[in-house]
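All values below come from the heavy atoms of this structure, side chains included, with hydrogens, waters and symmetry mates left out.
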There are 2 protein chains.
Amino acid sequence: MNIKKEITIYDLAKKLNYSPSTISRALNDNKSISKKTVKLVKDTAEEMGYRPNVLAAGLRNNKSKTIGISISRINRHFIASLISGIEETARKAGYNVIISQSNDKYKNEINNTKALYDSRITGLICSLSMETSDYEHFKQFTDKGIPIVFVDRVPNKFNSYKVVIDNYSAGYAATKHLIEQGCKRIAHFAGEQHLNVYEERKKGYLDALKEFNLPIEENLIHHFKTLSFEEGKKMTAKLMAMTNPPDGIFSANDTAAVSAIIYAKSKGIKIPEELAIIGFNDDPISSIVDPALSTVSHPAAKMGEISAKRILEHSKNNYDQSVSEVTILNTEIIIRDSSNRKKLLP
Amino acid sequence: MNIKKEITIYDLAKKLNYSPSTISRALNDNKSISKKTVKLVKDTAEEMGYRPNVLAAGLRNNKSKTIGISISRINRHFIASLISGIEETARKAGYNVIISQSNDKYKNEINNTKALYDSRITGLICSLSMETSDYEHFKQFTDKGIPIVFVDRVPNKFNSYKVVIDNYSAGYAATKHLIEQGCKRIAHFAGEQHLNVYEERKKGYLDALKEFNLPIEENLIHHFKTLSFEEGKKMTAKLMAMTNPPDGIFSANDTAAVSAIIYAKSKGIKIPEELAIIGFNDDPISSIVDPALSTVSHPAAKMGEISAKRILEHSKNNYDQSVSEVTILNTEIIIRDSSNRKKLLP
DNA sequence: ATAATTAACGAAAACGGTTGAGTAAACATA
DNA sequence: TATGTTTACTCAACCGTTTTCGTTAATTAT
């Protein structure tokens with residue numbers, strides 16, 4: 001088991017009788033090196049099995065070609081798609097992607113951002129943890145001119161790039177859709193209200209009710225810790241046991257919405273006739289559940305792509321850090337059988 | 001917008017009147033530095049806002065505390081859970097995780113592994129792309145003593161660590177389960193046969209049939225390109241249109257199995273009475289589909305955890321690279337309504 | 001023909017840690 | 001008392017690139 005020695009630009013320099021500077025420039029297509037030499041250098045680099053050491057380059061430039069990601073957890077469909085979009089565009093540009101999961105813990109997010117900083121990332125893409133309401137730990141980046149792109153779950157009081165969907169409009173549209181299907185008493189499964197996404201979805205819901213002169217009933221609005229399957233099931237049970245149960249549910253995510261469908265079915269409640277349901281995210285489960293769940297689709301991969309591009313552009317042009325450029329992407333209401341009462345009409 | 005200067009160990013050294021070496025050692029808890037000094041150094045480091053530059057350390061050590069991952073694509077439940085497991089254990093040990101997606105293209109896998117190598121990763125965790133059947137591009141790691149852990153989709157002819165499930169036994173058990181439910185003509189949705197996972201699942205299927213003296217009918221065995229929803233649906237349609245259709249399906253993944261359920265339901269075929277179905281992976285969709293899909297559960301996060309630990313151990317102990325240590329994890333058959341005929345009996 | 005410009009490359013100093021070898025003082029041992 | 005051992009540091013080289021200044025020779029302008 002003998003370990004082969006690494007080939008460096010010095011080895012190339014010695015072999016070709018050039019200085020390391022020339023080799024470096026040739027490899028980077030510096031125009032002050034003749035095309036002939038560039039070709040020669042690149043060919044022998046290939047031939048000798050030279051592989052650049054990005055750590056050395058990174059040290060010298062005080063920046064590695066790396067994008068850092070801080071998210072809650074990977075194994076959720078939306079997040080996985082987001083990361084997929086980031087990775088794809090980053091890699092095309094020759095950048096690596098480092099991921100870190102907060103598991104929705106504030107403390108983890110702090111430690112992770114530190115670790116990412118220590119790697120001298122070119123930029124950070126972050127979707128906040130559930131618990132985060134203080135943003136001090138992001139200053140280490142802005143202090144050093146390192147761009148941050150917040151995506152989906154973003155802070156309202158922090159100057160930086162943001163890539164989001166219009167949660168308000170989506171919440172409004174989802175609720176309006178239920179109203180148009182004839183729902184009069186629509187419940188809302190809401191998420192943590194200090195997170196912009198859930199706060200805005202709820203606002204949209206409330207405004208739609210107002211718009212159509214439907215009363216806002218506080219006992220139909222429930223704030224969930226995690227919008228999990230279990231939570232959703234329990235809440236659906238509670239709601240449907242009311243003397244005057246709701247005839248519609250707008251859930252801030254699909255998991256809870258699906259749990260509502262499954263619970264209602266098990267109790268013989270007809271969907272959508274007695275209870276129309278719409279979720280949020282367009283998770284794979286939403287098209288599999290029976291009846292299929294209406295929902296709001298997120299352009300997750302696209303959001304990742306745009307976020308990555310923000311970082312790449314910034315590092316090219318060195319934009320003014322103090323500018324907070326917000327990108328708002330369109331959502332789409334996907335109507336399936338869980339809410340489509342009109343389809344049932346002759 | 002003025003960018004703050006970075007604090008280095010030289011700044012700490014100057015401030016404390018120590019040499020940089022002492023600072024470095026103190027920060028790394030080297031025992032040749034007095035506890036008093038260590039505390040002093042760490043405290044002022046904290047106070048001055050010192051953050052280590054892992055690029056510099058990595059350059060010096062010719063290895064960054066980073067684990068590289070090469071997988072097909074992130075946004076699949078199994079892969080996302082796997083990565084989640086890797087990230088969690090890596091981060092606990094102070095390691096970063098770089099991900100790269102091949103999108104199941106051999107060429108991408110080659111480029112990605114090069115990029116990972118260039119980052120001087122401590123080790124590589126890889127689940128092969130669909131197209132990979134040549135392993136030359138992994139030699140760059142073993143040549144340099146960098147450990148590789150293949151996980152799930154592993155090469156059979158390459159010396160390295162491997163973390164897998166017993167696909168053969170799982171395939172056997174899944175098929176046996178259908179047989180025990182009374183199925184006589186069981187179809188198999190198989191994947192690409194040069195991938196160990198699909199090859200072995202099929203072998204298990206075949207051996208179970210033999211064991212129970214059921215005939216092997218080639219027209220019930222179908223090899224899929226991607227085991228997608230559409231492929232599964234088409235194939236189910238074809239199978240159920242036969243004059244003598246199968247009474248059971250063992251699908252090598254859940255997506256195709258779910259598509260079979262949905263297709264059969266749409267055609268009024270009773271599940272599991274007329275057609276019993278079992279899938280593979282225990283994707284979230286499998287418990288949501290109605291009737292719920294029986295399946296084989298993968299300990300995905302656990303596999304990630306073990307893979308990461310292999311890398312960490314290796315880098316601590318510098319094990320003999322030529323040893324190919326294989327870890328085989330248990331799977332579990334999860335019986336749900338899509339195959340549970342006995343439940344229907346009084 | 002001479003001055004000015006340009007093209008093509010080289011020397012050497014960073015970048016921020018790590019580490020083997022060395023040292024001075026304090027302490028223990030024979 | 002002389003010697004050996006520890007303790008707690010320091011020195012300086014090194015990791016592989018990049019980049020700022022040069023330098024030299026060739027080309028162009030005057």
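A distance-only check finds a donor-acceptor pair linking the side chain of B/Asn30 to the backbone of B/Ser32 [under 3.5 Å].
Recorded end-axis angle for the helix from C/dA1-D/dT30 to C/dA30-D/dT1 stands at 40°, based on five pairs per end and rounded to 10 degrees.
As a whole-Å value, the separation of B/Ile23 CD1 from C/dG17 C1' is 12 Å. One interatomic measurement links the two molecules: NZ of B/Lys31 to P of D/dT7, which rounds to 12 Å at whole-angstrom precision.
The side chain of B/Thr22 approaches D/dT10 more closely than any other nucleotide in the set C/dT18, D/dT10, C/dG16. Taking every side-chain heavy atom of A/Ile33 into account, C/dC9 is the closest of C/dT18, D/dT17, C/dC9. Here the nucleotide nearest the side chain of A/Tyr18, chosen from D/dT17, C/dC9, D/dT20, is C/dC9. Taking the side chain of B/Thr37 as heavy atoms from C-beta on, and the options C/dC9, D/dT17, D/dC9, the nearest nucleotide is D/dC9.
Counting heavy atoms from C-beta outward, B/Asn96 and B/Lys65 have side chains that stay 4.5 Å or more apart.
Between the side chain of A/Ser21 and the base of C/dA11, at least one donor-acceptor pair of N or O atoms lies under 3.5 Å. A donor-acceptor contact under 3.5 angstrom links the side-chain atoms of A/Arg25 to the base of C/dG10.
Comparing A/Leu27 and B/Ser19 against DNA chain D, the residue whose closest nucleotide sits nearer the 5' end is B/Ser19.
Between the side chains of A/Arg153 and A/Ser72, no donor-acceptor pair of N or O atoms lies under 3.5 Å.
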